[in-house]
Amino acid sequence: MTKMQRQIQSFKSMNVAAMAWSAAAHAADCPRKGTLGTSRILRVDAATTPRVGLKSFPQTLPLGDHEVVLTFDDGPWPPTTPRVLAALASECVHATFFLIGKPASEHPDLVRRIAAEGHTVGHHSWLHRSLMQIPPNETTEEIDRGIAADEMALHGVATTTPSTPFFRFPGFEMTPATLDLLQSRGIVVFGADLWADDWNPMTPEQELKLITDRLKIARKGIILFHDPKAQTAAMLPAFLRYLRDDDYRVVHVVPASPGPQSRNQLEKSYNSDN
Ligand SMILES: [Zn+2]
């Protein structure tokens, strides 16, 4: 390796470390003047609101005009999830991530980072198979293996009792039986009120226009994005600025009652890994 190559290498590793430090520092430094900020915390209880989201259900969360809940599905996914986290941290807003179990088991450090930066971690199955099209015994396995993988990454315990009892069906594909199963276990099913169609290829500019046009009509709601999508990670800073400039308020959803793993334990495990 030449001297110049070594310098480039060392600059690159410094830069990566600086980016990670900067997002964590930003998150620690909130609330901060001039940022969008999280406006309030909404506790969601499966006993009173077992299913929310107008795409699939007649009811949604009790949000006021210009209030939005930000949700990100299908992660964790390096390198895009850290870009999403950095954008959220720089505007001091908290979101909810519905994780797929297999990538969570492969990137536990990133799962712990999501939680340590104050975001809510919900569940999105083990492999993202359609839970409408597989046999019922495999449905339970898909749900439980996903929850256990997320919990293992978060707290080192492969429990099927989720710390945060929030679940979103892959592709919103649910049946009366799977809905009953989750309700019987006190797990809130999250749909969505609006979405960016970010599963389709488009430029960040096109995605920004699509979601802001929809938000102008809906004026509030649970918004669905996908953090593994590079176009979403690229678009997010501009979308958060749009929310700030147009007087939208971000609501952070959390479970009504604390789960079996305490937040202290989580912080301890995050700090010891970093
Ligand atoms: Zn999904």
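Start at 1 with the first residue, then count along the sequence. Counting starts at 1 for both ligands and their atoms, following the listed order.
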Student: For the Zn ion (ligand 1), decide whether D73 has an N, O or S atom at a distance under 2.8 Å.
Tutor: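 Checking D73: none of its N, O or S atoms is under 2.8 Å.
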Student: Are V68 and V251 packed together at the side-chain level, in the sense that at least one heavy-atom pair is separated by less than 4.5 angstrom?
Tutor: no
Student: Counting backbone and side chain alike, does H226 bring an N/O/S atom below 2.8 Å of the Zn ion (ligand 1)?
Tutor: no
Student: With the threshold set at 4.0 Å, does a side-chain nitrogen-carboxylate oxygen contact exist between R32 and E91?
Tutor: no
Student: Tell me the angle that OD1 of D74 and NE2 of H128 form around the Zn ion (ligand 1), rounded to 10°.
Tutor: 100°
Student: With salt bridge (Lys or Arg N to Asp or Glu O under 4.0 Å) as the test, pick out the partner of D197 among K229, K209, R214.
Tutor: R214
Student: Is E142 salt-bridged to R129, cutoff N-O under 4.0 Å?
Tutor: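 Yes, E142 and R129 are salt-bridged.
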